[in-house]
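One structure is given below, encoded as structure tokens.
Chain A is the first sequence line, chain B the second, and so forth, proteins listed ahead of strands; every chain is numbered from 1.
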Protein chains: 2
Amino acid sequence: MSQEYPSTLLERAVSEFTKLPGIGRKTATRLVLHLLRKQEDEVESFSDSIIRLKREAVYCRECHSISDNEICPVCANPSRDHSVICVVENIQDVMAVENTMQYRGVYHVLGGVISPMDGVSPSDLNIESLIGRVATGEVKEIILALSSTMEGDTTNFYIYRKLMQYDVKLSVIARGISVGDEIEYADEITLGRSIVNRTPFTGKTI
Amino acid sequence: MSQEYPSTLLERAVSEFTKLPGIGRKTATRLVLHLLRKQEDEVESFSDSIIRLKREAVYCRECHSISDNEICPVCANPSRDHSVICVVENIQDVMAVENTMQYRGVYHVLGGVISPMDGVSPSDLNIESLIGRVATGEVKEIILALSSTMEGDTTNFYIYRKLMQYDVKLSVIARGISVGDEIEYADEITLGRSIVNRTPFTGKTI
């Protein structure tokens, strides 16, 4: 099959692109040849932006979202309500909730959900640091905004059990979002309403 | 809108990815965050493969396909028939024809088709060098394998007029491929058959 590529350099670049999610060989070839037609400084800028992100971006000490500094812009913002924490799976979910313009609290990025099938246990996620934040006594409410899947429900329940001993209100976002869908792809109106209409968490998975 | 990205490094990398064809902001964010989760050496390998391709890959002196050396593997192969040249739009098309395993001649990559609407004139394409190859008298047949679009037909006709004075057989690949479709996406059987059933070019656009 490698015979088909007239250049090993091209083949290598295409093979690197096919490692990205949802990118097959034809798409990878088109993307790579598109870059090849660009000026060298544009290709350098593309290449440099990725390597700089990897080398220089850090995870926020408070919420584990990606950040240029030790503390992300949301956690560093004094006008945000630091007594309300919205718990999300990943950074895309932070951006999705931010886009709704319905939320003035802060975040906590778990880095995934509990999934024994995929080998993800609670210790692989940022759950201890969430409990640490609650243990300071400065947090009034935790809003669980995980995907409405079995893994999301399991994670909600795990966090509920861990936080039972603390005097903190626990909510889940309203299930306006269809069951099985991912938070990241919800439309802004539905996601925004689900933040406003959050309901007390009773430990049941609905 | 930039408010939404918790990191300027992330935002920059996402914005570089959205410059690629068919990559919107959500896809770009997913791809970039996927890379961010990789080890640094993997990200370096990705980044390096693109920049090396841009800096080190050259275009074959003969056929203008991409190559690691001055002459591409097809042109350098003595068992290929150098008296038959298949004229294609781009490098993907070379790979598509190679994949059919039906062709033992060599190629000539035009780098596009004549398209006044897009500002592509004959002088922007590798047409002069094609005529130069024919002028050596060593070429018996030219197979035109351009997309069956108006621009492809115009380019076929332009090449036909330019080559009329030479003693060379001019063919177009059989139109087994539906009109309006791109060569690059044709299935291998159809594309292979269209190479075998090529018909003499009469200067008419069918």
Side-chain angles (χ1 to χ4, degrees), chain A residues 1 3-10 12-17 19-23 26-27 29-36 38-40 42-58 60 63 65-69 72-74 90-92 94-95 98-99 107 184-185, chain B residues 1 3-10 12-17 19-23 26-27 29-36 38-40 42-58 60 63 65-69 72-74 90-92 94-95 98-99 107 184-185:
Chain A
M1 281 302 273
Q3 162 54 10
E4 140 194 25
Y5 282 91
S7 152
T8 54
L9 293 162
L10 174 64
R12 193 188 143 208
V14 168
S15 120
E16 287 288 345
F17 264 87
K19 290 179 191 165
L20 296 174
I23 307 283
K26 284 210 166 164
T27 304
T29 306
R30 192 168 63 248
L31 297 181
V32 167
L33 290 174
H34 176 88
L35 279 169
L36 187 65
K38 295 275 177 184
Q39 296 297 313
E40 187 166 329
E42 291 176 275
V43 178
E44 270 165 9
S45 173
F46 177 85
S47 178
D48 176 66
S49 73
I50 299 149
I51 203 77
R52 274 198 61 193
L53 174 70
K54 180 63 191 174
R55 288 194 185 137
E56 296 174 28
V58 291
C60 172
C63 72
S65 181
I66 191 174
S67 173
D68 294 347
N69 308 300
C72 78
V74 171
N90 56 41
I91 295 158
Q92 285 101 311
V94 172
M95 292 193 284
E98 281 296 280
N99 270 348
Y107 295 93
E184 188 181 335
Y185 298 104
Chain B
M1 281 303 271
Q3 160 57 12
E4 137 194 27
Y5 283 90
S7 153
T8 54
L9 293 162
L10 174 64
R12 194 188 143 211
V14 168
S15 119
E16 287 288 344
F17 265 86
K19 290 179 191 165
L20 296 174
I23 307 284
K26 283 211 166 162
T27 304
T29 305
R30 191 167 65 248
L31 297 181
V32 167
L33 290 174
H34 175 89
L35 279 168
L36 187 66
K38 296 274 174 183
Q39 298 296 312
E40 187 166 328
E42 292 176 275
V43 178
E44 270 165 10
S45 172
F46 177 85
S47 176
D48 176 66
S49 72
I50 299 149
I51 203 78
R52 274 199 60 195
L53 174 70
K54 180 63 191 171
R55 287 194 186 138
E56 296 174 28
V58 291
C60 172
C63 71
S65 180
I66 191 173
S67 173
D68 294 348
N69 308 300
C72 77
V74 171
N90 56 40
I91 295 158
Q92 285 103 310
V94 172
M95 293 192 284
E98 282 296 282
N99 270 349
Y107 295 93
E184 187 180 336
Y185 298 104

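- Comparing B/I91, B/D48, B/V14, B/L53 by how many heavy-atom pairs each has under 4.5 Å with chain A, the most go to B/L53.
- If you measure heavy-atom distances from A/I50 to chain B, the contacts under 4.5 Å come from both the backbone and the side chain.
- Taking OH of A/Y5 as the reference point, atom SG of B/C72 lies at 15.5 Å (rounded to 0.5 Å).
- Ring-plane geometry between A/F46 and A/F17 is classed as parallel, the angle between the planes falling under 30 degrees on a 0 to 90 degree scale with a further cut at 60.
- With respect to chain B, the highest number of heavy-atom pairs below 4.5 Å among A/S15, A/G22, A/S45, A/A13 belongs to A/S45.
- B/L20 contributes atom CG, which lies 8.5 Å from atom CG of B/L31 (distance to the nearest 0.5 angstrom).
- Counting heavy-atom pairs closer than 4.5 Å to chain A, the top residue among B/E56, B/R55, B/K26, B/K19 is B/R55.
- Side chain of A/S67 to backbone of A/C60: no donor-acceptor contact under 3.5 angstrom is found.
- For A/S65, the part lying near chain B is the side chain, with the backbone staying farther off; criterion is any non-hydrogen pair under 4.5 Å.
- Rounding to the nearest 0.5 angstrom, the gap separating the OG atom in A/S47 from the CD atom in A/E42 is 13.5 Å.
- Of all the listed residues (A/N90, A/T29, A/L33), the one sharing the greatest number of non-hydrogen pairs under 4.5 Å with chain B is A/L33.
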